[in-house]
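Dropping a structure here in structure tokens format, bear with me for questions.
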Amino acid sequence: MQWNVYSDGRCEVKQNTSQRDKKGKSIIAFPDEFVMVDIETTGCDARYNEIIEISAIRIKDDQVIDRFSMLIRPWNDIDPFITNLTGITNQMVQDAPRVGEVIKHFLRFIRPEDIILGYNVNFDINFLYDNALSEADYYLNNDFVDVLRIARKLIKNTENDKLKTIAAFYGISYEGAHRGEQDCIICLECYRQLRSELDKQSMSEADFIDSFNKRSSNGYFTNQIRVKDIVSDKTAFDENHPLFSKVCVFTGALEKMSRKDAMQMVVDLGSICGDQVTRKTNYLVLGNLDYVKSIEEGKSSKMKKAEGYILAGQDIEIISENVFYELISGG
DNA sequence: TCTCCTCGAGATCT
DNA sequence: CTCGAGGAGA
């Protein structure tokens with residue numbers, strides 16, 4: 001909580017700036033022209049910490065066409081932890097301009113219609129938004145693309161999704177990282193690799209973008225995987241496969257793959273996925289339900305329904321994830 | 001089958 | 001914060 005303290009002793013809670021209601025949207029896009037941005041700061045909290053470096057590079061049609069990089073002299077000393085992390089010392093910034101001057105230069109570099117890219121770029125946007133408003137009376141409202149979100153969706157087998165890890169995954173040098181300009185270049189290289197990853201996974205950019213934008217008109221997430229969204233491009237199937245023409249329904253979270261991937265395997269075998277358990281259901285595949293608090297006795301509604309049908313003599317089997325994989329592989 | 005809603009897990013930037 | 005689940009009700 002921050003306070004405004006007046007000379008007559010009055011004080012009041014500082015205006016809630018955390019709304020940032022003119023801020024641009026986080027979008028998923030692959031624009032032909034954009035500005036890659038990275039800042040260095042004295043800490044992680046935009047309310048209490050200061051920007052000490054702003055860097056940006058403008059890319060058009062995969063070419064760097066303009067650059068911006070300036071150090072800033074903060075009002076407070078730079079903590080040794082930050083100097084150790086970034087290599088930026090108090091001495092390096094002693095003749096640098098204040099944030100007000102630098103942000104005004106930056107606002108001349110960036111154009112209102114530019115799309116900003118960066119890694120976890122919401123962090124940078126928040127600092128820039130607050131300083132643009134307080135120092136230049138300007139609302140920074142550019143939409144932005146977070147390369148982290150793209151990486152999270154596309155890269156599954158790394159231990160985490162830090163920029164360092166994604167760079168290593170693609171063999172991109174991390175030399176000179178934690179300085180603005182170099183981080184822009186590293187992020188740009190990762191972005192290029194991630195974009196080409198779509199081809200490797202034979203996915204169109206439009207489909208990839210769609211997978212993020214499954215929001216209903218009121219803005220709520222409706223990210224449910226629906227049976228009708230899972231189609232097979234295969235035309236011939238092995239009719240002797242144990243799952244052929246069987247109806248499979250999933251409940252709970254699978255441990256070894258996403259439900260969507262599992263459903264894709266099912267339809268690629270010529271089987272049918274169901275959204276809910278019915279008399280036509282043949283297999284109910286049991287994922288992990290532990291984390292679902294609303295579930296009583298560890299059983300989802302699909303399980304209870306299936307058990308009811310089994311008691312009534314229907315041909316339904318409730319199977320574990322592992323048994324499901326055995327069935328998939330034809331065993 | 002669609003809309004609206006709730007919940008838990010797991011992060012990233014300096 | 002974002003994302004991936006499940007559920008009630010129409």
Side-chain angles (χ1 to χ4, degrees), chain A residues 18 20 23 25-28 37-55 72 74 76 78-88 118-128 144 146-156 158-167 177-180 183-184 186-187 190 211-229 249-255 257-263 273-278 286-296 298-305:
Chain A
S18 67
R20 300 192 180 98
K23 210 170 100 172
K25 295 192 301 288
S26 174
I27 61 171
I28 301 293
V37 167
D38 186 63
I39 65 173
E40 305 305 316
T41 69
T42 58
C44 273
D45 194 324
R47 289 171 302 178
Y48 309 119
N49 300 121
E50 302 177 69
I51 307 176
I52 52 176
E53 183 173 48
I54 301 177
S55 300
I72 293 164
N76 299 293
I78 299 169
D79 190 273
F81 173 80
I82 297 298
T83 294
N84 186 42
L85 181 71
T86 64
I88 300 172
Y119 209 81
N120 196 24
V121 69
N122 201 46
F123 170 89
D124 308 75
I125 294 279
N126 285 344
F127 272 92
L128 292 168
F144 50 93
D146 188 356
V147 178
L148 166 64
R149 286 180 71 200
I150 296 173
R152 280 225 173 109
K153 192 90 157 192
L154 239 32
I155 308 297
K156 299 292 185 191
T158 53
E159 57 177 336
N160 59 50
D161 305 299
K162 294 176 183 177
L163 179 60
K164 184 176 186 175
T165 308
I166 300 302
H178 289 299
R179 283 299 300 273
D183 278 4
C184 284
I186 293 168
C187 188
C190 288
S211 71
F212 280 93
N213 292 338
K214 288 184 177 167
R215 280 173 189 277
S216 54
S217 52
N218 66 1
Y220 286 98
F221 229 164
T222 57
N223 218 10
Q224 282 186 62
I225 301 158
R226 297 231 163 66
V227 164
K228 65 177 175 59
D229 295 324
V249 176
F250 293 84
T251 185
L254 299 178
E255 312 272 5
M257 63 172 67
S258 70
R259 179 178 294 195
K260 190 176 181 180
D261 288 345
M263 285 176 147
C273 278
D275 276 319
Q276 40 192 299
V277 173
T278 69
L286 197 53
N288 184 3
L289 293 161
D290 288 347
Y291 62 96
V292 184
K293 193 184 165 191
S294 58
I295 280 177
E296 296 165 10
K299 291 175 183 174
S300 67
S301 66
K302 284 175 187 167
M303 269 191 84
K304 290 176 183 168
K305 209 169 172 182

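Every chain is numbered from 1, with letters handed out A, B, ... down the list of sequences.
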query = NA contact type, S26(A), heavy-atom cut-off 4.0 Å: base, sugar-phosphate, or nothing?
reply = nothing
Here the distance between atom P of dT12(B) and atom CD1 of I155(A), to the nearest Å, is 13 Å
Rounded to whole Å, the OH-C1' distance (Y48(A) to dC13(B)) equals 17 Å
With I52(A) as partner, the option from T83(A), T42(A), I39(A) fulfilling side chain to side chain contact (heavy atoms under 4.5 Å, CB included) is T42(A)
N160(A) CG to dT12(B) C1', in whole Å, measures 10 Å
Are OP1 or OP2 of dC3(C) and a side-chain N or O of R152(A) less than 4.0 angstrom apart? no
pair_partner(dC2(B)), Watson-Crick or wobble, both distances < 3.5 Å, evaluates to dG9(C)
To the nearest 0.5 Å, atom OH of Y119(A) lies from atom CD1 of I186(A) at 11.5 Å
R149(A) CZ to dA11(B) C1', in whole Å, measures 14 Å
Note to self: Under 4.0 Å, heavy atoms only, any strand: does D161(A) hit a base, just the sugar-phosphate, or nothing?
What the structure shows: sugar-phosphate
* To do: Flag the pair C190(A) / L163(A) as yes when at least one side-chain heavy-atom distance between them is below 4.5 Å, and no otherwise.
  => yes
Quick one: is dT2(C) close enough that its OP1 or OP2 comes under 4.0 Å of any side-chain N or O from K153(A)? no
I125(A) atom CD1 is separated from dC1(C) atom C1', nearest whole Å, by 15 Å
Rounded to whole Å, CD1 of I51(A) lies from C1' of dC13(B) at a distance of 13 Å
When we call it a touch if two heavy atoms are under 4.0 Å apart, what does D183(A) touch: a base, just sugar-phosphate, or nothing? sugar-phosphate
TODO: Just call it for I82(A): base, sugar-phosphate, or nothing, with non-hydrogen atoms closer than 4.0 Å on any strand.
DONE: base
(Q) Taking any heavy-atom pair under 4.0 Å as a contact, classify F127(A): base, sugar-phosphate, or nothing. (A) nothing
Would you mind classifying the nucleic acid contact of I52(A) as base, sugar-phosphate or nothing, using non-hydrogen atoms under 4.0 angstrom? nothing
Atom CD1 of I28(A) and atom P of dC3(C) are separated, to the nearest Å, by 7 Å
Margin query: Ignoring hydrogens and geometry beyond distance, is a side-chain donor-acceptor pair present between S26(A) and D146(A) at under 3.5 Å?
Written below: no
Between CD1 of I150(A) and C1' of dA11(B) the distance, given in whole Å, is 17 Å
Base, sugar-phosphate, or nothing for D79(A), non-hydrogen atoms under 4.0 angstrom? nothing
Between the CG atom in N126(A) and the SG atom in C44(A), the distance rounded to the nearest 0.5 Å is 11.5 Å
